[in-house]
There are 4 protein chains.
Amino acid sequence: MKNELIKHSIDLFVEKGYSATSIKDIVDTLGVTKGSFYYHFTSKEELLMDIHLQYIDELLSRQKRIVETEKTSRDKLVKIVELVIRDIEKQGPIGRVYYREIRHLTPENAAIIRQKRGEFRDNIEQVMAEGIENGEFRKELQPKMITFAILGITNWSYQWFNPQGELSVGELADMYTDFILNGVLAEK
Amino acid sequence: MKNELIKHSIDLFVEKGYSATSIKDIVDTLGVTKGSFYYHFTSKEELLMDIHLQYIDELLSRQKRIVETEKTSRDKLVKIVELVIRDIEKQGPIGRVYYREIRHLTPENAAIIRQKRGEFRDNIEQVMAEGIENGEFRKELQPKMITFAILGITNWSYQWFNPQGELSVGELADMYTDFILNGVLAEK
Amino acid sequence: MKNELIKHSIDLFVEKGYSATSIKDIVDTLGVTKGSFYYHFTSKEELLMDIHLQYIDELLSRQKRIVETEKTSRDKLVKIVELVIRDIEKQGPIGRVYYREIRHLTPENAAIIRQKRGEFRDNIEQVMAEGIENGEFRKELQPKMITFAILGITNWSYQWFNPQGELSVGELADMYTDFILNGVLAEK
Amino acid sequence: MKNELIKHSIDLFVEKGYSATSIKDIVDTLGVTKGSFYYHFTSKEELLMDIHLQYIDELLSRQKRIVETEKTSRDKLVKIVELVIRDIEKQGPIGRVYYREIRHLTPENAAIIRQKRGEFRDNIEQVMAEGIENGEFRKELQPKMITFAILGITNWSYQWFNPQGELSVGELADMYTDFILNGVLAEK
DNA sequence: TATGAATGAGTGTTCATTCAT
DNA sequence: AATGAATGAACACTCATTCAT
């Protein structure tokens with residue numbers, strides 16, 4: 001039930017936004033009552049926090065595995081980009097909620113999520129820094145700014161990319177890793 | 001007065017989001033009454049539409065001038081990226097409202113804005129296509145996808161970049177044009 | 001201008017009711033502004049009072065002439081019924097406002113109108129009483145109740161009768177005077 | 001609770017009219033909150049529709065029984081008049097709301113009510129037509145117009161008759177059936 | 001005469017939340 | 001684990017009225 005509630009509320013949050021989605025909207029799609037919702041969640045915000053946590057925690061753990069497994073900075077970067085892009089299909093629309101509704105969390109909860117987001121970003125930044133250091137990436141790059149640029153490319157895809165369209169997530173991932181590598185790889 | 005209302009509401013929409021900002025919030029910051037708001041706007045949504053129109057129309061007209069003035073595809077691309085990045089400082093926080101709140105427009109109004117967004121994107125796409133054709137840009141690039149990547153980089157900056165921070169908009173623009181050019185320019 | 005305002009507001013009051021008609025509705029149909037309305041009327045209620053007064057005063061004066069002019073009770077009654085029925089066409093929809101919106105007058109103004117309504121009713125009642133006394137009408141009738149019955153027949157016509165329909169006001173008046181006379185005239 | 005709300009709102013609608021009665025007025029008389037009102041009704045108009053339906057449905061079903069039970073046209077007519085007049089006391093002031101506030105229903109709902117009103121009128125018309133055919137009523141009568149006259153007499157009573165006054169509903173009913181019969185019965 | 005801008009109280013309605021059952 | 005009823009604060013919006021110009 002709790003998972004059902006989460007699943008349906010994500011769809012609604014994507015479609016109408018968190019503020020514009022009422023508890024009634026959520027429970028109506030499941031045919032249960034509001035009281036039932038409040039048995040499983042103490043507040044609407046707790047639900048939102050659950051969604052955020054679930055998403056970022058999975059992303060972080062998979063990112064960690066990549067960093068530990070891959071050898072070269074180049075491969076680490078490629079795999080992380082692929083992770084985020086391919087997730088558009090797998091995790092579905094949750095990503096859009098994730099980037100948009102953080103301001104509706106309480107300051108404390110927002111801080112927790114921001115910290116985890118920071119971790120994810122820091123991990124990319126570190127890959128960049130290592131790559132620059134070991135000569136894989138160009139020396140002039142500023143790891144922090146390039147990280148934001150990469151996140152911009154990938155996150156923005158959640159806004160416009162349709163996995164059911166003419167391009168598959170795989171093709172999009174290939175295209176973008178290619179583009180990014182061209183921007184960062186040192187000339188041979 | 002109408003302009004004052006627009007200005008203050010942008011700040012509030014940035015901070016709390018459109019749905020979470022009440023008309024009362026807006027008029028209170030100006031010390032006027034709700035009745036006054038409704039003298040100038042027929043609805044909250046009209047205000048949001050005004051904000052969207054004002055923003056995209058200015059962007060479009062400046063983009064048009066760039067495309068007409070600059071000679072090479074490279075310069076066109078550089079200037080457009082600069083236009084968007086430097087706007088973070090000039091137009092201030094309005095950009096964040098622009099990308100986030102479109103779903104609160106009526107379908108008709110949203111369609112109008114989406115069409116103008118499409119124009120802006122199409123213009124970049126055309127610059128890419130021209131550059132590829134005349135040999136300035138790499139042959140393998142897909143104009144459409146690269147355009148989305150560029151928009152991802154620039155738009156995402158509205159989410160995190162602080163013009164009062166250690167980096168100026170000018171420096172960020174330089175960095176990003178450099179990164180993008182590296183990704184698209186054909187080897188010499 | 002004042003007369004224009006009265007004329008258009010009657011139409012709106014008929015259509016939507018007094019409460020549901022706003023000053024804005026009224027002035028919009030004339031293309032003027034609210035300030036203009038308040039130059040001519042001190043309040044919305046004053047307008048309503050004007051409408052009531054105009055209507056009842058004309059009715060009363062015409063009724064008075066009938067009572068003074070006609071000889072028999074029967075003719076007095078017939079002419080009064082005709083007066084009210086034929087007015088559906090002449091005065092148009094004002095009658096419907098008259099009977100419906102009196103409760104939106106201030107108590108003082110409502111009292112004035114009710115008193116004039118009372119006069120109109122009393123005059124009919126007196127015709128009935130005279131007719132009974134002089135043997136024209138049946139002895140068993142109670143003037144007061146019959147008066148209300150007659151007013152019911154005539155006033156109700158304002159609710160359903162369409163002067164542009166298959167029946168003319170003249171025909172309706174004939175039919176109803178006939179029906180009423182059958183109910184009240186003493187057998188010969 | 002729902003019934004309580006209906007009961008109290010009828011009183012207020014009678015007194016001040018539908019438009020001039022606010023939800024707050026209604027719930028304040030019961031000491032509950034607006035939220036509670038909206039738990040039971042989806043809108044103010046739904047409440048108005050409920051009132052209309054409740055009234056006309058009962059009237060129609062009782063009218064139907066009369067038409068099926070009574071033998072002569074005369075008796076049918078007498079019983080129907082009595083039904084409406086006696087209802088002033090039983091159903092109380094609801095009748096006044098019924099005839100006055102129909103224009104505040106949505107067009108769809110108004111159509112439903114108007115159709116039921118039409119049925120009630122048609123049933124009387126048919127009694128008239130039968131009575132004329134079988135010789136009980138005068139040949140010259142036009143069933144439709146006489147029906148409106150009868151409805152005028154009875155409905156108007158809702159506006160002025162006070163069941164607690166000097167006359168009882170029974171006496172009023174007798175008086176009016178007598179008056180109407182005099183107007184319609186064929187001479188013997 | 002008329003306007004345009006503003007007011008402030010009020011309207012119908014929504015909604016997150018509570019709680020006895 | 002879930003319901004049905006209720007709350008109360010908030011919301012977008014309306015409107016009669018005022019008033020300087």
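In this text the structure is predicted, and so the values were computed from the model without any measurement. Every chain is numbered from 1 and lettered A, B, ... according to where its sequence line falls, protein lines coming before strand lines.
In this structure, D:His52 contributes its side chain and D:Tyr98 its backbone to a donor-acceptor pair below 3.5 Å. Checking side-chain atoms of D:Asp25 against main-chain N and O of D:Ser22 turns up a donor-acceptor pair under 3.5 Å. The backbone N or O of D:Thr21 lies less than 3.5 Å from a partner atom in the side chain of D:Lys44, making a donor-acceptor pair. Judged by distance alone, the side chain of C:Arg100 and the main-chain N or O of D:Arg100 form no donor-acceptor pair under 3.5 Å.
The listed nucleotides are F:dA1, E:dG8, F:dA6; the one nearest the side chain of A:Tyr39 is F:dA1. Nearest nucleotide to the C:Ser22 side chain, out of E:dG12, F:dA16, F:dA5: F:dA16. The side chain of B:Met1 sits closest to E:dA6 out of E:dA6, F:dA6, E:dT13. Between F:dA10, F:dA6, F:dA2, one nucleotide has an atom nearer to the side chain of A:Ser36 than all others, and that is F:dA2. The side chain of A:Ile23 has E:dA16 as its nearest neighbour among F:dC15, E:dA16, E:dT7. Side-chain proximity of B:Lys44 to F:dA12, F:dT3, E:dA6: nearest is F:dA12.
Between the NZ atom of B:Lys24 and the C1' atom of E:dA9 there is a distance of 14 Å, rounded to whole Å. One can place CG of B:Leu47 at 11 Å from P of F:dA12, the figure rounded to the nearest angstrom. When the P atom of F:dC11 is taken as reference, atom CD1 of B:Ile26 falls 11 Å away, rounded to whole Å. We find that CG of A:Leu30 is positioned 11 Å from P of F:dA2, with the value rounded to whole Å. When rounded to the nearest whole Å, the span between CG of D:Asp28 and C1' of F:dG8 equals 13 Å. Atom-to-atom, NZ of A:Lys34 to C1' of F:dT7 comes out at 11 Å; the value is rounded to the nearest Å. Distance CZ (D:Phe13) to P (E:dG12): 9 Å, rounded to an integer number of Å. In this entry the distance linking CG of B:Leu5 with P of E:dA5 reads 12 Å, nearest Å.
In this structure, B:Ser19 reaches neither bases nor backbone, as no heavy-atom distance under 4.0 Å exists between it and the strands shown.
OP1 or OP2 of E:dA6 lies within a sub-4.0 Å distance of a side-chain N or O belonging to B:His40. Look at C:Tyr38 and you'll find a side-chain N or O under 4.0 angstrom from OP1 or OP2 of F:dT17.
Comparing B:Ala20 and A:Gly31 along DNA chain F, the residue whose closest nucleotide (by nearest heavy atom) sits nearer the 5' end is A:Gly31. Where A:Thr42 and C:Gly35 meet DNA chain E, the nucleotide closest to each residue was compared, and C:Gly35 sits on the side nearer the 5' end. Comparing C:Phe37 and D:Phe37 along DNA chain F, the residue whose closest nucleotide (by nearest heavy atom) sits nearer the 5' end is D:Phe37.
Other residues, nucleotides and ligands contribute over 12 non-hydrogen atoms within 6.0 Å of the NZ atom of B:Lys2.
Between the C1' atoms of F:dT21 and E:dT1, the separation comes to 12 Å (whole Å).
Judged by the 6.0 Å and 45° rule, A:Arg96 forms no cation-pi pair with A:Phe13.
Between B:Lys90 and B:Glu58 there is a salt bridge, with a side-chain nitrogen of the basic residue lying less than 4.0 Å from a carboxylate oxygen of the acidic one.
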For DNA chain E, produce a single dot-bracket line, 5' to 3'. Pairs: Watson-Crick or G-U wobble, both distances under 3.5 Å. Symbols: ( ) within strand, [ ] crossing, | other strand, . unpaired. .||||||||||||||||||||
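Aromatic ring centres of B:Tyr99 and A:Trp156 lie closer together than 6.0 Å.
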